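Quick note on labels: first sequence line is chain A, next is B, and so on, each numbered from 1. Every value quoted in this text rests on a predicted model; they were computed, and no experiment measured them.
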Amino acid sequence: MRGSPYAYALVDMDAFYVSVELQRRPELRGLPVVVAGSGPRAVVTTASYEARRFGVFSATPASRARRLCPDAVFVAPDFSHYRERSAEVMRVLGAQIERVEVVGLDEAYLDLSGLERPKAAARQVKAAVTAATGLGCSIGVGPSKLVAKVASDADKPNGFLALTADEARRRFGERSPGLIPGIGPKTVERLERRGVKTLGALGGLPDATLVEWFGDRLGPHLGRLARFEDERRIETIRVRKSESRETTFDHDLRGLRALEPVLGQLTGRLCEDLARHGRAGRTVAIKVRLDDFSTLTRARTLRVATSDAQVVGGVARELLHALDPTRPVRLLGVRVAGLDEVEGEPRGPADQLRLSL
DNA sequence: TCTGGGGTCCTAGGACCC
DNA sequence: TCTGGGGTCCTAGGACCC
């Protein structure tokens, strides 16, 4: 990118799950299609652009989606299929560009730094993805991940937009801070309460003010984001730090008697997958969401990492008994964290010596 | 008819150590 | 007795992302 030694692209697959389903069921093309679970508490995973016109988006409760768009075709999600199609897409990206950071099933950053014509390279990637998979994508290009991401969001579906940081500031200066990934609804509200309604206004605030409002780390960070200042680099390898299984009940459950078998099933699934991948962790945690949507977590850290269902299950059960929720429970989850630490043993002086050598 | 599932990172406070 | 300061580990909650 002009003036910057760095260049990144963000590739975002257009309505990915829906697009994948439409390839299997082409007769649905042009119709409002919604990928969503079937239970009473299901939410929309992805909505086709036709369905979005009715106000149906990702995370819309399925019941509400039905009301907003009674003619929509509902399709049950098939994540193992989406994972396969995602791998196909990522293989195309990897064949075109050396350094790729996969962000989710439908998103990836490309490092275009050092290429003579980064924009041309990104256009070529877009064509290659569609040629190889038949799926559409939108690509943003910029001198930082942030500019690339916001540019990709600004021109979709089937979009392509390259911006400098300066161009991004000018183009989005009057837009809400919520446009920036990392500035969510809570922060937008806190800003609005203080009269800050645009990215331009936020970016122009003195650090001292932002520190006063949001603390000495978050405050200045928000200012930098608003000015599209972003130093993050591509991370081609991500180490998973925790793994969890959780479930929301169709109807709330009450009492340990009802919850315990579910906890056992969740633990079984989690530990089986952990063991299969040779992963283990030291911290066992449970998560309980009550009928009022408040969420409680309890955790205990062990001396030794484990993926043993008996061990994890025993700790999880103890945590649940100690918590003993009296209100009806709508969600129960179990998590193992600390997966990235040294295998097995706690860190004594000998380990520290070994690690420092 | 409210609000999935799987993650990451940050903050704040307490315990504990030197 | 009127009271350090820094560092690490841990827990709980919360914001946010795809």
(message) Testing the 3.5 Å rule here: is there a donor-acceptor pair between the side chains of A/R233 and A/Y8?
(response) yes

- Query: Any side-chain N or O of A/S242 under 4.0 Å from OP1/OP2 of B/dT8?
  - Reply: yes

Basic-acidic side-chain contact under 4.0 Å: A/R245, A/D273: yes

Rounded to whole Å, the CG-P distance (A/L179 to C/dC17) equals 11 Å

### Query
For B/dG7, does OP1 or OP2 lie under 4.0 Å from any side-chain N or O of A/S244?
yes

Intra- and inter-strand pairing of DNA chain C, written as dot-bracket with Watson-Crick and G-U pairs under 3.5 Å and | for the latter, reads ....||||||||||||||

The nucleotide from C/dT11, B/dT3, C/dC16 with an atom nearest the side chain of A/R330 is B/dT3

Rounded to whole Å, CG of A/L218 lies from P of B/dT8 at a distance of 20 Å

### Query
Side chains of A/D166 and A/T164: do they bring a donor and an acceptor to under 3.5 Å?
no

Does the distance from a Lys or Arg side-chain N to an Asp or Glu carboxylate O, for A/R335 and A/E246, drop under 4.0 Å?
no

Which of C/dC16, B/dG4, C/dT11 is nearest the side chain of A/F293? It is B/dG4

Touch check for A/L296, heavy atoms < 4.0 angstrom, all strands: base, sugar-phosphate only, or nothing? sugar-phosphate

To the nearest angstrom, the CG-P distance between A/L331 and B/dG4 comes to 8 Å

Between CG of A/L225 and P of B/dC10 the distance, given in whole Å, is 12 Å

Query raised in the report: Should A/V284 and A/L331 be counted in the same cluster of Ile, Leu, Val, Met, Phe, Trp and Tyr side chains packed under 4.5 Å apart?
Result: no

- Item | OP1 or OP2 of B/dG7 under 4.0 Å from side-chain N/O of A/R335 | no

Rounded to whole Å, CZ of A/R269 lies from P of B/dG5 at a distance of 9 Å

* To do: Ignoring hydrogens and angles, tell me if any N or O in the side chain of A/E101 forms a donor-acceptor pair with the backbone of A/T236 under 3.5 Å.
  => no

Per atom distances to the A/T301 side chain, the nearest of C/dC10, B/dG4, C/dC18 is C/dC10

- Query: Looking at A/R41, does any N or O in its side chain come under 4.0 Å of the phosphate oxygens OP1/OP2 on B/dT3?
  - Reply: yes

* B/dG7 phosphate, OP1 or OP2: any side-chain N/O from A/R240 under 4.0 angstrom? -> yes

When rounded to whole Å, the NZ to P distance for the pair A/K186 and C/dC17 reads 13 Å

Per the glycosidic torsion and the 90° limit around 0, nucleotide B/dC2 is syn

Checklist entry - Base, sugar-phosphate alone, or nothing: which one does A/G184 contact when heavy atoms must sit under 4.0 Å apart? => result sugar-phosphate

What nitrogen or oxygen pairs link the protein and nucleotides 13-15 of chain B at under 3.5 Å?
none

Just checking, any donor-acceptor pair under 3.5 angstrom between side chains of A/D292 and A/S294?
-> yes

Closest to the side chain of A/K149, out of C/dC18, B/dG7, B/dT3, is C/dC18

Taken to the nearest whole Å, CG/A/D252 to P/B/dG4 is 11 Å

Before accepting this row, confirm whether a basic side-chain N of the pair A/D252/A/R330 lies closer than 4.0 Å to the acidic partner's carboxylate O. no

task = Salt-bridge test for A/K156 and A/D12: reply yes if a basic N is under 4.0 Å from a carboxylate O, no otherwise.
result = yes

A/R217 CZ to B/dC10 P, in whole Å, measures 6 Å

Between A/S63 and A/E243, whichever has its closest DNA chain B nucleotide further toward 5' is A/S63

Task: Nearest-angstrom distance, C1' atom, C/dA15 to B/dT3 - done: 16 Å

Exercise. Taking the C1' atom of each, how far is B/dC16 from C/dC2, in whole Å?
Worked result: 23 Å

OP1 or OP2 of B/dG6 under 4.0 Å from side-chain N/O of A/K241
no

Is the Lys NZ or Arg CZ of A/R85 less than 6.0 Å from the centre of A/Y82's six-membered ring, within 45° of the axis? no

- prompt: Would one find a side-chain N or O of A/T187 under 4.0 angstrom from OP1 or OP2 of C/dC16?
  reply: yes

query: Would you say A/E243's side chain and A/C271's backbone share a donor-acceptor pair under 3.5 angstrom?
result: no

| Would you say A/R238 reaches B/dT8's phosphate, i.e. side-chain N/O to OP1/OP2 under 4.0 Å? | no

Against the side chain of A/P61, the closest entry in C/dC18, B/dT3, C/dT11 is B/dT3

Partner of A/D78 under salt bridge (Lys or Arg N to Asp or Glu O under 4.0 Å), picked from A/R83, A/R25, A/R24, is A/R24

Closest to the side chain of A/T248, out of B/dG5, C/dC16, C/dC18, is B/dG5

